[in-house]
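In what follows, a single structure is set out as structure tokens and then discussed.
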Amino acid sequence: MNAHIPALTAGGQVMAIVPQTFEETLRVARAVVASGLAPSALVGKLTGDDAAAAVAVAIMSGAELGLKPMVSLRSFTVINGKPALYGDGLINVVRMSGKVAYLRTGCEERNGKMVGFCEAKRLDTSEDKRVEFSQVDAERAGLWQTEAIVTKWNKWDKKNEQKPNDSPWYRFPQRMLAWRAAGYCLRELFGDVLGGIRDEFEVREIDEVETMRDITPEKPALPPKPPAPPAPPAKAAETVEVAPVTESTELEFNLGDFLEQIETGLAGAKDDVEVEEIWNDFDAPAVLETNGHADMIDTAFAIRDRRLAQLAPLNGG
């Protein structure tokens, strides 16, 4: 009965499917989207041909760096419309160039602090370089995290919640230090190989600087609501004296409480999108200016920018 079943044979060379034309690239991209393998960082909320177009652009960008289609999708991320390479994708592109004499990354302990490093040398020019990114550098940049439980903003229930810290800077500090050092080192030593593609960390930093330029409030300021009037007396026969409302009894704006509320709310944000949503809800620039504290607007922006800096490596994995 088994005489007509072909036997399974071993051997053969495994080769990647590399499209040669734009139509073939788009066909591969549609298959990736249909299979559900398209990275969310690339497609976001896009669907259909829009999502396939985003995947196709990532494949073509990777092809220019010598990456196969599926490797490109695993190596690229998109930050506010800007393509960037993850740390391992950056190293992969440089190694595949054939211009590397050696490339070493790692993390070592020095005086009780961790120091990530990357050292590499070119074959064609014999240039070599060593770049370090230390725990002190991460602390200065607001990246270092040591708390196991952190406060996160639940945008659905509109409240702060205590949750385990899932930041890669808390879970994989040695890896993140080494990757940050590698990004700086390889971009300087192999700029021609990377073709202008930056590592994700630098793209985030540039995006934060550009975002900080627009400080115009999106909606008009709303003054604080006055206190509710006193309830009428229960009986007409009784006379109740009501103290007149003066400036001392009106609802006063508390600057310290307002800034603390902003910091507490932003501490619960888990990405830059949630940070912007919470920031817009507070409308700090307009509220501070309305209540005579325009000189504290920069302080409010500093609170927001510090939280954005802490969230910067979260997509790095």
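This chain uses plain numbering: 1 for the first residue, then up along the sequence. Worth knowing before you read on, the calculation uses all heavy atoms, side chains too, and leaves out hydrogens, waters and symmetry mates.
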Considering all heavy atoms, the nearest L103-C118 contact: CD2-SG, 4.4 Å

Approximate separation, where rounding is to 0.5 Å, of R110 CZ and Q135 CD: 12.5 Å

Working for salt bridge (Lys or Arg N to Asp or Glu O under 4.0 Å), residues D192 and R122: CA-CA 12 Å; D192 57 327; R122 292 185 65 124; 2.9 Å; yes

Whether F282 and F258 hold their rings parallel, tilted or perpendicular, with breakpoints at 30° and 60°: perpendicular

Heavy-atom side-chain contact between K121 and V100 under 4.5 Å: no

Where A52 and A29 come nearest, the two heavy atoms and their spacing: O-CB, 3.2 Å

CA sep, side-chain torsions, deciding dist, call: F301, W279, ring-ring contact (aromatic ring centres under 6.0 Å, His included): CA-CA 9 Å; F301 274 103; W279 174 257; 4.9 Å; yes

Student check: side-chain heavy atoms of P285 and L288 closer than 4.5 Å: no

Contact summary for C107 and F117, nearest pair of heavy atoms: N-CE2, 3.7 Å

E161 side chain to T151 side chain, donor-acceptor N/O pair below 3.5 angstrom: no

Joint hydrophobic cluster, L67 plus M60, side-chain heavy atoms closer than 4.5 Å: no

Heavy-atom closest pair, residues Q145 and Y170: O-CD1, 3.7 Å

Carboxylate-amine/guanidinium proximity below 4.0 Å for R307 and E263: no

Sub-4.5 Å side-chain heavy-atom contact between I59 and V28: yes

R130 side, atom CZ; D128 side, atom CG - distance, nearest 0.5 Å: 11.5 Å

R104 atom CZ, neighbour heavy-atom count above 12 within 6.0 Å: yes

N-O pairing of R180 and E132 below 4.0 Å: no

Taking every non-hydrogen atom, the tightest pair across A284 and I262: CB-CD1, 3.7 Å

Pairwise distance OG(S35) to CZ(R30) - rounded to 0.5 angstrom: 14.5 Å

N111 CG: over 12 foreign heavy atoms closer than 6.0 Å: no

Check: R140 and D137 side chains under 4.5 Å, non-hydrogen atoms: yes

Within-4.5 Å side-chain heavy-atom neighbours: S134 and M114: no

Verdict with supporting geometry, Q20 and T25, side-chain contact (heavy atoms from CB on, under 4.5 Å): CA-CA 7 Å; Q20 302 299 311; T25 303; over 6 Å; no

Residues, nucleotides or ligands: over 12 heavy atoms within 6.0 Å of I149 CD1: yes

Transitive ILVMFWY side-chain link F172 to V150, under 4.5 Å: no

Hphob cluster co-occupancy, M96 + L65, side-chain heavy atoms under 4.5 angstrom: yes

Joint cluster assignment, I303 & V287, ILVMFWY side-chain distance < 4.5 Å: yes

Electrostatic pair E119-K129, nearest N-O below 4.0 angstrom: no

Under 3.5 Å donor-acceptor, S97 side chain and V94 backbone: yes

Point-to-point distance, once rounded to the nearest 0.5 Å, from CD1 of I91 to CH2 of W179: 7.5 Å

Expected output: side-chain N291 to main-chain H293 donor-acceptor under 3.5 Å: no

Minimum heavy-atom distance between L177 and W144, given as atom pair plus value: CD1-CZ3, 3.9 Å

Distance under 6.0 Å and angle within 45° of ring axis: R187 vs F190: no

hydrophobic_cluster_shared for L37 and V43, side chain cutoff 4.5 Å: yes

Pairwise side-chain contact, Q261 with T264, heavy-atom cut-off 4.5 Å (strictly under): no

Side-chain heavy-atom pair E276, L308 within 4.5 angstrom cut-off: yes

Whether over 12 other heavy atoms sit under 6.0 Å from Q162 CD: yes

salt_bridge(K113, E139) N-O dist < 4.0 Å: yes

Within-4.5 Å side-chain heavy-atom neighbours: I17 and P69: no

